Participant: 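Mind having a look at this structure? Questions to follow.
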Protein chains: 2
Amino acid sequence: MIAPLAPDMFDEICPSDLSPIRFGDKWTGMVMRCLEDGPRRFSELRVPLRGVTAKVLTKSLRSMERDGLVRRRVADRQVSYELTLLGRSMLAPMDAACAWAREHWDELLDAREGVPAER
Amino acid sequence: MIAPLAPDMFDEICPSDLSPIRFGDKWTGMVMRCLEDGPRRFSELRVPLRGVTAKVLTKSLRSMERDGLVRRRVADRQVSYELTLLGRSMLAPMDAACAWAREHWDELLDAREGVPAER
DNA sequence: ACGCGTGGTATCCGTTCGGATACCGGCTAC
DNA sequence: GTAGCCGGTATCCGAACGGATACCACGCGT
């Protein structure tokens with residue numbers, strides 16, 4: 001999941017799974033999108049990311065932290081995550097990838113459907 | 001591996017492994033770069049992609065074919081692979097990702113080094 | 001006849017990924 | 001005191017990923 005694509009970027013069956021472009025692990029792209037409007041708390045992140053377990057989200061956030069994309073803050077006994085400048089700068093290539101995916105949506109769809117089944 | 005980065009994109013320890021941006025599976029990005037100047041035969045691809053086994057390369061190429069990025073041709077008893085128009089169009093977001101990685105190389109490096117070890 | 005290059009396939013194997021489930025300490029509300 | 005939320009951790013599990021190795025049919029050169 002890399003970008004807000006119709007019908008819903010956070011759908012159970014995510015439309016942008018069609019795109020071969022990936023940012024970090026399974027949840028990184030969505031976390032980025034959740035954080036682009038400002039810091040969010042751990043449990044706030046779990047709401048739009050339906051189905052992510054605490055363990056997996058933690059792991060994802062830790063590796064984003066290790067990569068310098070996200071900063072973890074503890075303030076007033078509350079934990080929140082926010083994009084670093086580096087993380088924020090990665091929104092540009094993400095938008096480029098998203099634009100490409102939207103632009104070539106039909107071709108991506110056709111390619112998959114053109115394949116009979118497993119081969 | 002997503003782009004020609006110093007010192008060598010095909011190095012055993014690939015410098016662009018630092019970037020969290022991925023195109024397809026492990027070899028897809030490199031295959032794209034190998035094909036951008038024209039069609040290549042199966043064994044031609046194995047040369048720059050040091051270490052890839054036939055099985056893994058085949059699997060990678062098949063999934064790129066399924067995604068519509070690559071076309072497999074058999075002509076005169078020779079097999080060659082070439083980028084489709086869709087595949088060629090994906091070079092744009094790849095270049096964007098590559099530019100981002102080059103631009104933020106130091107930050108990416110610092111982020112990794114700032115981490116004591118495993119946590 | 002034999003070996004070699006091409007373009008794979010089949011099988012096995014260890015690692016990683018992501019999910020399910022259970023549990024935890026610290027704090028708050030009732 | 002006990003129930004609930006918060007922000008996790010620990011353990012187990014099946015599936016997928018990627019590499020190693022062996023093998024294969026086919027054509028070519030000599």
Side-chain angles (χ1 to χ4, degrees), chain A residues 1-2 10-14 16-18 20-32 34-35 39-67 70-82 112 117-119, chain B residues 1-2 10-14 16-17 20-32 34-35 39-67 70-82 117-119:
Chain A
M1 171 67 50
I2 56 163
F10 299 108
D11 258 358
E12 206 149 343
I13 42 151
C14 170
S16 58
D17 277 356
L18 264 186
I21 310 178
R22 288 285 171 278
F23 294 81
D25 65 18
K26 176 171 179 181
W27 299 97
T28 300
M30 277 176 286
V31 170
M32 296 282 300
C34 289
L35 294 180
R40 295 279 179 267
R41 296 177 50 186
F42 186 81
S43 2
E44 283 183 297
L45 289 172
R46 298 194 62 185
V47 178
L49 275 36
R50 298 190 282 273
V52 72
T53 63
K55 188 199 98 177
V56 173
L57 180 56
T58 301
K59 195 185 158 204
S60 200
L61 287 167
R62 292 280 189 277
S63 86
M64 290 175 76
E65 209 186 345
R66 192 206 65 200
D67 290 350
V70 140
R71 188 165 30 242
R72 179 180 186 271
R73 321 192 80 126
V74 187
D76 195 26
R77 290 167 220 99
Q78 287 195 165
V79 180
S80 66
Y81 293 88
E82 61 181 331
R112 298 285 177 119
E118 289 294 316
R119 48 172 297 175
Chain B
M1 172 68 49
I2 57 165
F10 300 107
D11 258 358
E12 205 149 346
I13 41 151
C14 168
S16 59
D17 276 356
I21 310 179
R22 287 286 171 280
F23 294 81
D25 65 18
K26 177 171 180 185
W27 300 97
T28 300
M30 275 176 287
V31 170
M32 296 281 301
C34 289
L35 294 182
R40 295 281 178 266
R41 296 177 48 186
F42 186 81
S43 3
E44 282 181 300
L45 288 172
R46 297 193 63 184
V47 178
L49 274 35
R50 297 190 281 275
V52 72
T53 62
K55 188 200 97 175
V56 173
L57 180 56
T58 301
K59 195 186 158 205
S60 201
L61 288 167
R62 293 281 189 275
S63 85
M64 290 176 76
E65 209 186 346
R66 191 207 65 201
D67 290 350
V70 140
R71 188 167 28 246
R72 180 180 185 271
R73 320 191 79 124
V74 187
D76 195 27
R77 291 170 218 95
Q78 287 197 166
V79 179
S80 66
Y81 294 88
E82 61 182 329
E118 290 293 316
R119 49 172 298 176

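Reckoned from all heavy atoms, side chains included, excluding hydrogens, waters and symmetry mates. What you see is a predicted model; the values in this text were computed from it and never measured. Each chain gets a letter, A, B and so on, in the order the sequences are listed, and its residues count up from 1.
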Participant: For A:Ala54, is there any backbone N or O sitting under 3.5 Å from a side-chain donor or acceptor partner on A:Thr58?
Facilitator: yes

Participant: For the pair made of CD in B:Gln78 and P in C:dG8, what is the distance, rounded to whole Å?
Facilitator: 12 Å

Participant: Can you tell me how far P of D:dG18 sits from CG of B:Leu49, to the nearest Å?
Facilitator: 13 Å

Participant: Are the side chain of A:Glu65 and the backbone N or O of A:Arg62 linked by a donor-acceptor pair below 3.5 Å?
Facilitator: no

Participant: Select one nucleotide: of D:dT9, D:dC17, D:dG7, the one nearest the side-chain heavy atoms of A:Thr58.
Facilitator: D:dT9

Participant: Has A:Ser43 got a side-chain N or O lying under 4.0 Å from the OP1 or OP2 atom of D:dG7?
Facilitator: yes

Participant: Please give the angle, rounded to 10 degrees, between the axes at the start and the end of the helix from C:dA1-D:dT30 to C:dC30-D:dG1, where five pairs define each axis.
Facilitator: 10°

Participant: Taking the side chain as every heavy atom from C-beta outward, state whether A:Arg41 and A:Val79 have any atom pair closer than 4.5 Å.
Facilitator: no

Participant: Take atom CZ of B:Arg41 and atom P of C:dG8, then tell me their distance rounded to the nearest Å.
Facilitator: 11 Å

Participant: Counting distance only, does the side-chain N/O of A:Arg112 pair as donor-acceptor with the main-chain N or O of B:Asp67 below 3.5 Å?
Facilitator: no

Participant: Just to verify, what does A:Arg71 make a salt bridge (charged side-chain N to carboxylate O under 4.0 Å, His left out) with, not counting sequence neighbours?
Facilitator: A:Glu82

Participant: Are the side chain of B:Asp76 and the backbone N or O of B:Gln78 linked by a donor-acceptor pair below 3.5 Å?
Facilitator: no

Participant: Taking CG from A:Leu57 and P from C:dA20, how many angstroms apart are they, rounded to a whole number?
Facilitator: 14 Å

Participant: Would you mind telling me which residue lines up with the more 5' stretch of DNA chain C, A:Ala54 or B:Tyr81, judged by nearest nucleotide?
Facilitator: B:Tyr81

Participant: Is there a side-chain contact between B:Arg73 and the phosphate of C:dG7, meaning an N or O under 4.0 Å from OP1 or OP2?
Facilitator: no

Participant: With rounding to the nearest 0.5 angstrom, report the CG to CZ distance, A:Leu45 to A:Arg40.
Facilitator: 8.0 Å

Participant: In whole angstrom, give the distance that lies between atom NZ of A:Lys26 and atom C1' of D:dA16.
Facilitator: 12 Å

Participant: Does the side chain of B:Arg46 get closer than 4.0 angstrom to OP1 or OP2 of C:dG5 through an N or O atom?
Facilitator: no

Participant: State, yes or no, whether a side-chain contact exists between A:Thr28 and B:Pro20 at a heavy-atom distance under 4.5 Å.
Facilitator: no

Participant: Give me the atom names and distance for the closest heavy-atom approach of B:Arg72 to B:Tyr81.
Facilitator: NE-OH, 3.4 Å

Participant: For B:Val56, report the nucleic acid contact type (base, sugar-phosphate, nothing); a contact means any heavy atom under 4.0 Å.
Facilitator: base

Participant: What integer distance in Å separates B:Asp76:CG from C:dG7:C1'?
Facilitator: 15 Å

Participant: Report the distance from atom CZ of B:Arg62 to atom P of D:dC17, rounded to the nearest whole Å.
Facilitator: 16 Å

Participant: Does B:Arg46 use its side chain to pair, donor to acceptor, with the backbone of B:Val52 at less than 3.5 Å?
Facilitator: yes

Participant: Looking only at side-chain atoms of A:Lys55, point me to the closest of C:dG19, C:dG7, D:dG8.
Facilitator: C:dG19

Participant: Might you list the N or O atoms of the protein lying below 3.5 Å from N or O atoms in nucleotides 23-30 of chain C, with each pair's distance?
Facilitator:
none

Participant: Give a yes/no answer on whether the side chain of A:Lys59 brings an N or O atom under 4.0 Å of OP1 or OP2 in D:dT9.
Facilitator: no

Participant: Report the distance from atom CZ of A:Arg50 to atom P of C:dG18, rounded to the nearest whole Å.
Facilitator: 19 Å

Participant: Report the nucleotide, chosen from C:dG19, C:dG7, D:dG18, that has the shortest atom-to-atom distance to any side-chain atom of A:Thr53.
Facilitator: C:dG19

